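Read through the structure below, which is laid out as structure tokens, and then see the notes.
The structure presented is a predicted model; accordingly, all values stated were derived computationally and were not measured. Only heavy atoms go into these numbers, but all of them, side chains included; no hydrogens, no water, no symmetry mates. Residue numbering restarts at 1 for every chain, and letters A, B, ... go by the order of the sequence lines.
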There are 2 protein chains.
Amino acid sequence: MHGQTQIIDFQRLKTACSSCSLQDLCMPRGLTADELCQLEALVDEHRRIKRGERLYATGSPFEALYTVRLGSLKTSVLFEDGREQVTGFHMLGELIGLDGISTDTHNCSAYALEDSEVCLLPFSRLEEFARTIPAMQHHVHRLLSTEIVREQHNMLMLGTMRAEEKLASFLLDLSDRYLKRGYSASEFVLRMTREEIGSFLGLKLETVSRLFSRFQEAGLIIAQQKYIKLLDPTGLRQLIGPPD
Amino acid sequence: MHGQTQIIDFQRLKTACSSCSLQDLCMPRGLTADELCQLEALVDEHRRIKRGERLYATGSPFEALYTVRLGSLKTSVLFEDGREQVTGFHMLGELIGLDGISTDTHNCSAYALEDSEVCLLPFSRLEEFARTIPAMQHHVHRLLSTEIVREQHNMLMLGTMRAEEKLASFLLDLSDRYLKRGYSASEFVLRMTREEIGSFLGLKLETVSRLFSRFQEAGLIIAQQKYIKLLDPTGLRQLIGPPD
DNA sequence: GGTTGGTATTGAGCTAAGTCAAGAATCTTC
DNA sequence: GAAGATTCTTGACTTAGCTCAATACCAACC
């Protein structure tokens with residue numbers, strides 16, 4: 001079993017960053033061939049995570065960042081009394097684990113929403129690399145800062161939006177991200193449950209479910225369980241705004 | 001007027017990082033004297049902001065980070081339709097502006113809550129510095145990551161807490177931060193309005209006001225407008241948890 | 001291929017927090 | 001130090017979203 005994993009990992013190593021279709025998503029543009037080569041040496045492993053399995057847990061030692069290579073994950077923070085807040089859903093090319101740098105310990109947990117695969121970037125090596133290549137250094141700073149901005153948007157969403165607006169912007173955001181990855185922007189299959197969507201949006205699962213139904217009645221979407229089709233993205237966009 | 005400002009700034013420059021009481025708060029431990037000296041060269045200016053004035057605006061070009069040297073600030077993100085979400089209140093020694101790295105443009109705005117003063121750290125120079133001193137590089141990464149973790153906590157708060165819990169943890173957090181700065185943990189004057197607290201917590205100002213009154217009736221605090229005294233921090237802490 | 005357990009939908013009723021509004025306290029400024 | 005402008009408090013009422021509960025759907029796995 002372990003032996004087989006080794007073999008698979010070794011094969012995957014050959015399809016490294018330079019030939020990876022997600023290169024643009026997770027790595028900076030404008031690296032020289034030589035620099036790209038060094039970058040490849042950085043990614044020392046791929047890891048497979050089965051649906052529902054955990055990639056890392058809150059409190060576990062931080063060693064590496066991960067980029068989603070296949071599938072999708074969620075990250076969530078836990079409160080002492082068991083309450084959970086999903087802090088993000090992550091798809092192809094997206095980077096996770098940045099919160100671990102702070103204390104050398106992961107500050108959230110990451111779970112696979114479906115069978116997934118991630119690239120592993122040992123952070124100390126990334127730091128070394130960044131020291132020698134300014135473009136890479138700046139890229140790391142940008143990645144961290146972009147995560148801060150993303151979370152600020154989530155705070156805006158959680159703090160100021162009504163349920164309807166939250167779900168509409170959630171769907172539009174997903175749609176956008178699928179589009180950027182070459183998938184259909186109007187038709188997709190959700191990888192997360194109503195409860196996870198609810199947790200992310202600060203709503204209860206029943207509310208999420210009811211809203212899906214309401215959006216469907218209004219002719220904005222088709223929602224059959226996890227299957228979603230956006231019929232009227234403009235209409236969805238118009239939902240976001242002052243109640244009026 | 002401008003001349004005078006120049007003189008004052010020049011005087012302040014002399015009380016640079018090496019003799020600044022906030023050194024531990026905003027800069028990494030374990031720099032050599034020489035490194036500290038280089039660090040000082042980095043901070044090229046102090047800036048005074050009067051109460052209510054803006055330090056930087058969303059969309060303005062990002063050039064520098066700022067550390068609070070005196071007073072306090074708030075940062076907030078704005079939604080197209082005018083809704084505002086306060087993303088943080090920042091006091092002595094705290095660093096702001098990290099969200100600007102992402103797009104070379106500020107992604108939130110910063111306003112002084114009282115007459116304040118900040119140290120200005122030009123980011124490109126900080127990057128240069130970080131390239132030569134690994135401890136500094138790691139410190140920058142940590143700062144960014146810590147901001148991510150802070151925002152994750154805010155998301156947890158916004159998404160999962162009841163009004164009562166939000167305000168209790170807000171007060172306890174403030175108390176903590178005052179304590180770390182050598183002020184009283186149990187008695188302080190709020191620098192922000194009920195509306196700003198509400199925006200930060202995802203509540204309306206009336207709700208905040210009512211909660212202050214309720215906490216006071218319950219003997220947990222004394223709240224006379226901006227003056228706050230925590231009578232029973234343990235009681236406040238017990239408010240946070242499942243409704244029971 | 002039927003059983004089981006997780007997931008989703010929908011309804012009825014409740015409640016925490018919001019809205020609107022009026023008045024009090026405090027700060028600002030001339 | 002009086003007038004005006006903010007900010008804060010409190011009350012009465014409304015409502016969006018929650019809770020509880022029952023049923024339906026779907027996927028996984030003997």
Side-chain angles (χ1 to χ4, degrees), chain A residues 50-53 74 83-84 86 111 113-115 157-168 170 189-218 221-228 239-244, chain B residues 50-53 74 83-86 111-115 157-168 170 189-218 221-228 239-244:
Chain A
K50 285 234 181 73
R51 185 193 152 151
E53 275 181 11
K74 70 165 177 181
R83 277 180 282 188
E84 185 193 29
V86 171
Y111 296 88
L113 293 172
E114 59 192 309
D115 293 357
M157 180 273 288
L158 286 166
T160 73
M161 286 190 179
R162 287 166 299 116
E164 203 179 60
E165 298 179 277
K166 287 177 179 179
L167 191 64
F170 171 71
V189 174
L190 297 174
R191 257 66 230 228
M192 65 295 280
T193 66
R194 301 288 190 259
E195 188 170 19
E196 288 164 333
I197 297 172
S199 167
F200 180 65
L201 301 177
L203 302 171
K204 294 289 154 184
L205 73 294
E206 294 96 326
T207 306
V208 174
S209 184
R210 270 184 250 275
L211 283 170
F212 273 129
S213 303
R214 254 176 51 199
F215 284 2
Q216 175 151 315
E217 277 161 42
I221 65 169
I222 292 171
Q224 309 279 350
Q225 316 276 125
K226 304 240 149 128
Y227 168 83
I228 300 286
L239 281 186
I240 306 165
D244 191 90
Chain B
K50 286 233 182 72
R51 184 194 153 155
E53 276 181 10
K74 70 165 179 182
R83 277 180 282 189
E84 185 192 31
Q85 172 73 32
V86 171
Y111 296 88
L113 293 172
E114 58 193 309
D115 292 357
M157 180 273 288
L158 286 167
T160 73
M161 287 188 177
R162 285 166 303 113
E164 204 180 55
E165 298 180 276
K166 287 177 179 179
L167 191 65
F170 171 71
V189 174
L190 297 174
R191 255 67 231 228
M192 65 295 280
T193 66
R194 301 289 190 257
E195 188 171 17
E196 287 164 334
I197 297 173
S199 167
F200 180 65
L201 300 177
L203 301 171
K204 294 289 153 182
L205 71 294
E206 294 96 327
T207 305
V208 174
S209 182
R210 270 185 252 273
L211 284 170
F212 273 128
S213 303
R214 255 176 50 199
F215 285 1
Q216 175 151 315
E217 277 162 43
I221 64 170
I222 292 170
Q224 308 281 352
Q225 315 278 126
K226 303 239 149 127
Y227 167 82
I228 300 286
L239 281 186
I240 306 166
D244 186 281

Using the salt bridge (Lys or Arg N to Asp or Glu O under 4.0 Å) criterion, which residues pair with [X]? Sequence neighbours excluded.
X        : result
B/Arg210 : none
B/Glu196 : B/Lys74
A/Lys204 : none
B/Arg51  : none

Take the C1' atoms of the five end pairs on each side of the helix from C/dG1-D/dC30 to C/dA22-D/dT9, derive the two axes, and give their angle rounded to 10 degrees.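 Both end axes considered, the difference amounts to 50°.
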Base, sugar-phosphate alone, or nothing: which one does B/Ser209 contact when heavy atoms must sit under 4.0 Å apart?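 B/Ser209: base contact, heavy atoms under 4.0 Å.
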Who are the side chain to side chain contact (heavy atoms under 4.5 Å, CB included) partners of [X], not counting sequence neighbours?
X        : result
A/Ala223 : A/Phe212, A/Gln216, A/Ile221, A/Ile228
A/Leu158 : A/Gln85, B/Met155, B/Leu158
A/Ala168 : A/Phe215, A/Leu236, A/Leu239, A/Ile240
B/Gln225 : none

Quick check for you: name the first and last nucleotides of DNA chain D, 5' to 3', having an atom under 4.0 Å from a heavy atom of chain A.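 Here the contact window of chain A covers D/dG17 to D/dC26.
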Looking only at heavy atoms, which two atoms of A/Glu165 and B/Arg83 are closest? And how far apart?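 Between these two residues, the closest heavy atoms are OE2-NH2, 2.5 Å.
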So which atom in A/Leu167 and which in A/Val208 form the shortest heavy-atom distance, rounded to 0.1 Å? CD2-O, 4.2 Å
5'-most by nearest nucleotide on DNA chain C - A/Val208 or B/Arg51: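 Residue closer to the 5' terminus by nearest nucleotide: A/Val208.
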Proximity to DNA chain D (any heavy atom under 4.0 Å), residues of residues 195-207 of chain A only: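 Those residues whose heavy atoms fall under 4.0 Å from DNA chain D, taken from residues 195-207 of chain A in numerical order, are A/Gly202, A/Leu203, A/Lys204, A/Glu206, A/Thr207.
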So where does chain B start and stop touching DNA chain C, 5' to 3', when the test is distance under 4.0 Å to a non-hydrogen atom?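 From 5' to 3', the first and last contacting nucleotides are C/dA17 to C/dT28.
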If you pin A/Glu164 and A/Gln224 to their nearest nucleotides in DNA chain D, which one's is more 5'? A/Glu164
Please evaluate residues A/Phe200 and A/Met157 with respect to the criterion side-chain contact (heavy atoms from CB on, under 4.5 Å), reporting the C-alpha separation (whole Å), side-chain torsions for both, the decisive distance (0.1 Å), and the verdict. CA-CA 10 Å; A/Phe200 180 65; A/Met157 180 273 288; 4.3 Å; yes
Output the distance between atom OG (B/Ser209) and atom CD1 (B/Ile197), rounded to the nearest 0.5 Å. 10.0 Å
Could you tell me the separation between the CG atom of B/Leu205 and the CZ atom of B/Arg194, rounded to the nearest 0.5 Å?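 Those atoms lie 9.0 Å apart.
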